[in-house]
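Have a look at the structure below, then the notes.
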Amino acid sequence: MIRLCVGISSLTPAWQSLFDQLGIQAEEIDFSRSLSLNYSCLIINDQHNRDELKKVETFFKKDSGGILILKPNHKLFHELRTEATLSVELPISFQNKVSQYFAGSGLIYTFDFNFDFELTLNNAKRKRFPFKTGAHPDEIVSSLDRGELISTIRILVKEMHIHRRLPYVSKWHSPTKKPIFAFRVDTDFGDKSSIQSLYKLADSFQVPMTWFLHVQAHEEWLDYFHIFKNQEIALHGYEHGTSTSYEHVINNIEKGKQLMIDAGFDPIGLCVPYSIWNDTLGDVLNTYNFNYSSEFTLGYDTLPFYPIHQEEQHSTLQIPIHPICTGSLNRKRVSVSEMESYFETVLIQKNNQFQNVIFYHHPLQPGLELWKNIFRKVNALNLNKLTFSEIADFWKSRINSIINVFYDDKLLTLTCDSSNSNLLLEVSVNSKEFYLIKASQINQPLNMFEAFKTPKPQFVSNQTIKELNGERLQLLKTSILDWKNRRRL
């Protein structure tokens, strides 16, 4: 019996955050145990003594094991390995950072990326998102594309399992087989009429939106939000402004929160104005007990995660979204029908990749009518519609669900000991298909379950990347203008 667990030299907070996103079991390597029986693959991100390295060498040379070697340990086993053409397709931003080798019967990858450093930077910059030439929308988002990084790690770890003829098993990213769909509303300066129109749309299509209230704009009529059914009411702050002052940030959150409590609400979620995460906000959130926060300058188009703040995992879960709204597209002077085409394309692409989808909107921005067709398609696809608090509750349960999966390589059977019997697990035995199986049922033959075709990764073309990265001066001018127009607390 082989335990399907990733062994890593040093399980740092940054790596734990990544493994929690991936949903795979991982632990620091215990060299007193058999590596081949206790670890399905290895990640070398720290120094090891000679005896430990000898055991790692045996693991990949004789046991057909896969290892991922991270900077600055790239030269380990250099004399034992033969370079090969990269056999997996990776996101373009990370392709040149990964090299592939063979050594004995084993597989070796090297990854030129400083994970612990990069995941603590939390920097942001303005980026374009693919649409059509001359109309690519842009937004200030996290400098690190965490979604592409997660995809890269997943592809490499999965390939190391397949090379060793082991199943790749991970926790599924939705409570059901269907991906999650969620909709965030930032009510910036919205009047009662615009908010009422959006709520009627949500109600007619049974979309449980999460409304982040700009409290100052609705201070005289906060009670109105009590008529909302099957919606979540959360906090966007009192004033719609940003600051790096601890006092200003905490006062803005506290005043908005208290007014909502006085009006009979209990806001357990937060997204700050302009979605700007900074160290000050990280410090302020440590004084609260919010169920989640959502800032796309920290992460976007990826699964929920606990950010790294002051070299430790922050206590507040981040729920990333797709950071483009109709306002972003309106600035490119595209029509409402073109806006609809943009969001429909994103929706279909993500659904085809079995990815969760989270859009957002502002009540006063144009394009309200386009959401009718988007919601109609969401319902036709039967996506799992959740509020942000429901996503957070599921994700925390997913993280806390301990799984121990074993594979009998002679009988070709899986067994799983799980603290959550209803947890869905993704099981891949090759690169072409996968199964979704409840943890309590995983010990049954795989051919009893429905097989899903593994989607081919869809990465942006080199030509589109060239367009997205072009005219940097224009992006800088937009950022300066955006910074000048931004309200300060």
TODO: Examine Tyr224 together with His218 and report whether their ring centres are nearer than 6.0 Å.
DONE: no

Open item on the list: Is it the case that the ring center of Phe388 lies less than 6.0 angstrom away from the ring center of Phe212?
Closed with: yes

Open item on the list: Tell me if the aromatic rings of Tyr274 and His240 count as close, with their centers under 6.0 Å from one another.
Closed with: yes

Open item on the list: Please list all pairs meeting salt bridge (Lys or Arg N to Asp or Glu O under 4.0 Å) that have one or both residues in residues 186-203, counting only residues at least two apart or in different chains.
Closed with: Arg184-Asp186

Task: Pair Phe359 and Phe183, ring centroids less than 6.0 Å apart - done: no

Open item on the list: So, using side-chain hydrogen bond (donor to acceptor under 3.5 Å, both in side chains) as the criterion, who are the partners of Lys257 when residues are at least two apart?
Closed with: none

Open item on the list: As a test of understanding, state which of Asp283, Asp279, Thr120 forms a side-chain hydrogen bond (donor to acceptor under 3.5 Å, both in side chains) with Gln310.
Closed with: Asp283

Task: Ion pair check, Arg154 and Glu426, cut-off under 4.0 Å - done: yes

- [ ] Keeping to residues at least two apart or across chains, list the ring pair (Phe, Tyr, Trp, His ring centres under 6.0 Å) pairs with something in residues 132-156.
- [x] none

TODO: Please round to the nearest 0.5 Å and tell me the distance separating atom OG1 of Thr152 and atom CZ of Phe111.
DONE: 5.0 Å

Task: Salt bridge Asp138-Arg128, side-chain N to carboxylate O under 4.0 Å - done: no

- [ ] Would you please indicate yes or no on a ring centroid separation below 6.0 angstrom for Phe354 and Phe434?
- [x] yes

Open item on the list: According to salt bridge (charged side-chain N to carboxylate O under 4.0 Å, His left out), who are the partners of Lys71, at least two apart in sequence or on a separate chain?
Closed with: Asp112

Task: Which residues share a salt bridge (charged side-chain N to carboxylate O under 4.0 Å, His left out) with Lys127, sequence neighbours left out - done: none

TODO: Hey, could you give me each pair passing salt bridge (Lys or Arg N to Asp or Glu O under 4.0 Å) that has a residue in residues 333-350? Not counting sequence neighbours.
DONE: Lys132-Glu338, Asp301-Lys350, Glu344-Lys377

